[in-house]
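Letters A, B, ... mirror the listed sequences (proteins, then strands); counts begin at 1.
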Number of protein chains: 2
Amino acid sequence: MCRVSLIPIRPGVESERRDAARNRELLLRAARELIEECGADGLTMGTLAQRAGVGKGTVFRRFGSRAGLMMTLLSDAEAAFQGRFMFGPPPLGPGAAPLERLIAFGEERIAWVLEFGELARAADVSAYNRFDVPAAVLWHRHLEMLLREAGVTADPWLMATSLSAVLEPERILHAVRVHQVAPERLAASWRELVSRVVRGA
Amino acid sequence: MCRVSLIPIRPGVESERRDAARNRELLLRAARELIEECGADGLTMGTLAQRAGVGKGTVFRRFGSRAGLMMTLLSDAEAAFQGRFMFGPPPLGPGAAPLERLIAFGEERIAWVLEFGELARAADVSAYNRFDVPAAVLWHRHLEMLLREAGVTADPWLMATSLSAVLEPERILHAVRVHQVAPERLAASWRELVSRVVRGA
DNA sequence: GGTCAAAACGGACTGCGGTCCGCTTCTATT
DNA sequence: AATAGAAGCGGACCGCAGTCCGTTTTGACC
């Protein structure tokens, strides 16, 4: 529209050129449309560029890769989930007993995967650094902390790794979509598992 | 060389034309060479075809896909492992207590992943049917059976799924290669986990 | 408004996995 | 040995993710 001020309203991080900002919005809007129409797996970077009316180079300049784009699309949902388990009300947030929080964490994560899992799968960077994206590290640390608080002294770091593996989107989606496992059954199994891990302490 | 008999020596399954058999050998040999030289991730189907002196179509006719090729390369090691946990000596094979067998299974699998994991990762078919390849199904059933024998009555099928997730090559390789976790530490954590799962029964 | 370097753009290009289909080679049969 | 058709072959071809680099846009400074 019109330039309001020469001084950036939100300086620092927000130093983004007007055309870049416009294109980012165009791309995100187009990406959401395409996913709505074709699913996350059906989105190709070329089609996205075309739909948004920009060049392919622009798409990759913005998001780095297909996985990066998916992460960006996920970031809102992810931030909300993180906020809930770090600062929200019990039993997921602080205030409840560690075991209760562990149980709630798994239950909420299962629900989250059922809602955003396809996107999360598409956001998985290939190979080795998939477990080192900020969100994964945060979940891992959270689980480790809860395990410590629950009195698990035997290598809580690796135990948190194991629990993370259990909640991986790919497995959960496979159980639900292919094997018709009901989400409540998944949650019950998680409760069972985490109770035994903690009680054995 | 020379044709020994018009009647196939091993009939039935072995009905493979001579040129097809020759090309399969050429391809497997070339594939092993290339993996030796460039690693499993460095092998491309085009290069493989070239090295073996056949067309690309032939490679895909034989193995279906890159993942299929990797599975074929793995099949010997996989069959050996399966034989050991199904028919071999205790504690991995039958004869030991279920918990002992579970512990041994994890330990052996960790060692197996450290030896063949890169190949196993490359053999992962994308997306949904990755957990339904015969080998994965067999491992899952084995774990489920051991859990039942150990007295785990609460949804042994899903519990076996969770334990399988813990032993996934990708996680194990990541822990060892990126986070420098010693294999014995992985084994100890597995022992701890599976003991708690079983004892809670 | 005019200037200019830095930032962003866009589409041709590469390399890959995978497919297709006309051609060649094999083998059972006579 | 001749034959026929099934099995196998091979490389041109496709769609995709990701890169490169000459061109265009932007906005801070004059």
Side-chain angles (χ1 to χ4, degrees), chain A residues 1-9 11 13-27 30-31 34 38-72 122-127, chain B residues 1-9 11-27 30-31 34 38-72 121-127:
Chain A
M1 297 297 195
C2 57
R3 194 186 315 169
V4 180
S5 162
L6 283 178
I7 299 162
I9 297 169
V13 186
E14 287 290 342
S15 62
E16 189 182 37
R17 253 170 59 167
R18 304 280 296 275
D19 52 349
R22 174 178 47 82
N23 280 340
R24 200 193 56 229
E25 290 312 313
L26 283 173
L27 282 167
L34 282 173
C38 323
D41 293 342
L43 179 147
T44 77
M45 300 301 263
T47 313
L48 173 59
Q50 207 171 349
R51 172 73 74 106
V54 304
K56 229 172 114 174
T58 303
V59 185
F60 282 91
R61 156 178 308 276
R62 267 302 125 227
F63 303 109
S65 69
R66 193 171 181 282
L69 165 69
M70 298 300 181
M71 280 191 206
T72 304
D124 273 345
V125 205
S126 64
Chain B
M1 298 299 192
C2 58
R3 195 185 313 169
V4 179
S5 163
L6 283 178
I7 299 161
I9 297 169
V13 186
E14 286 292 340
S15 62
E16 188 182 38
R17 254 171 57 169
R18 304 280 296 276
D19 52 349
R22 174 178 48 82
N23 280 341
R24 201 193 55 230
E25 290 312 313
L26 283 174
L27 282 167
L34 282 173
C38 323
D41 293 342
L43 179 147
T44 78
M45 300 301 263
T47 312
L48 173 60
Q50 206 170 349
R51 173 72 73 106
V54 305
K56 228 172 114 176
T58 303
V59 185
F60 281 91
R61 155 177 310 276
R62 270 297 130 229
F63 303 108
S65 68
R66 193 171 182 280
L69 165 68
M70 299 298 182
M71 279 193 209
T72 303
R121 240 176 7 88
D124 272 345
V125 206
S126 64

Nearest-neighbour nucleotide for the A:Asn23 side chain, D:dG8, C:dG10, D:dG10 considered = C:dG10

B:Thr44 has its side chain closest, among D:dG8, C:dC16, D:dA17, to C:dC16

Would you mind classifying the nucleic acid contact of B:Arg22 as base, sugar-phosphate or nothing, using non-hydrogen atoms under 4.0 angstrom?
-> nothing

Between C1' of D:dT19 and CE of A:Met45, the distance in whole Å | 13 Å

Roughly, in whole Å, what's the span from CE in A:Met70 to P in D:dC16?
-> 13 Å

Looking only at side-chain atoms of A:Lys56, point me to the closest of D:dG18, D:dG27, C:dA8.
-> D:dG18

Could you check how far CZ of A:Phe63 sits from P of D:dT19, rounded to whole Å?
-> 15 Å

Can you tabulate the close N/O pairs, meaning under 3.5 Å, that link protein atoms to atoms of nucleotides 3-5 of chain D?
none

Below 4.5 Å, heavy atoms only, C-beta onward: do B:Val54 and B:Arg62 meet side chain to side chain?
-> no

For residues B:Thr72 and B:Arg24, determine if any side-chain heavy atom of one lies less than 4.5 Å from a side-chain heavy atom of the other.
-> no

Gap separating the CZ atom of B:Arg17 from the CZ atom of B:Arg22, nearest 0.5 angstrom | 10.0 Å

Figure out the CZ/C1' separation between B:Arg62 and D:dG10, and round it to whole Å.
-> 14 Å

Measure the spacing between CZ of A:Arg66 and CG of A:Leu43 and express it to the nearest 0.5 Å.
-> 6.0 Å

How do B:Asp19 and B:Gly46 order along DNA chain C: which one's closest nucleotide is nearer the 5' end?
-> B:Gly46

Measure the distance from CG on A:Leu26 to P on C:dA8 and round it to the nearest whole Å.
-> 16 Å

What is the distance from CZ of A:Arg66 to C1' of D:dA17, rounded to the nearest Å?
-> 9 Å

Spacing of CG belonging to B:Leu26 relative to CG belonging to B:Asp19, to within rounding of 0.5 Å = 11.0 Å

Whole angstrom is fine here: how far is it from CG in B:Leu48 over to C1' in D:dG10?
-> 14 Å

Say you draw a straight line from CG of B:Leu27 to CE of B:Met45; how long is it, rounded to the nearest 0.5 Å?
-> 8.5 Å

Once you round it to whole Å, what is the distance between P of C:dC9 and CZ of A:Arg18?
-> 14 Å

For the atom pair CE (B:Met70) and CZ (B:Phe63), what is the distance rounded to the nearest 0.5 Å?
-> 10.5 Å

May I ask you to evaluate whether A:Thr58 reaches the phosphate of C:dG10, defined as a side-chain N or O under 4.0 Å from OP1 or OP2?
-> yes

Which part of the nucleic acid, if any, lies within contact of B:Leu43, taking any heavy atom under 4.0 Å across all strands shown: a base, the sugar-phosphate backbone alone, or nothing?
-> sugar-phosphate

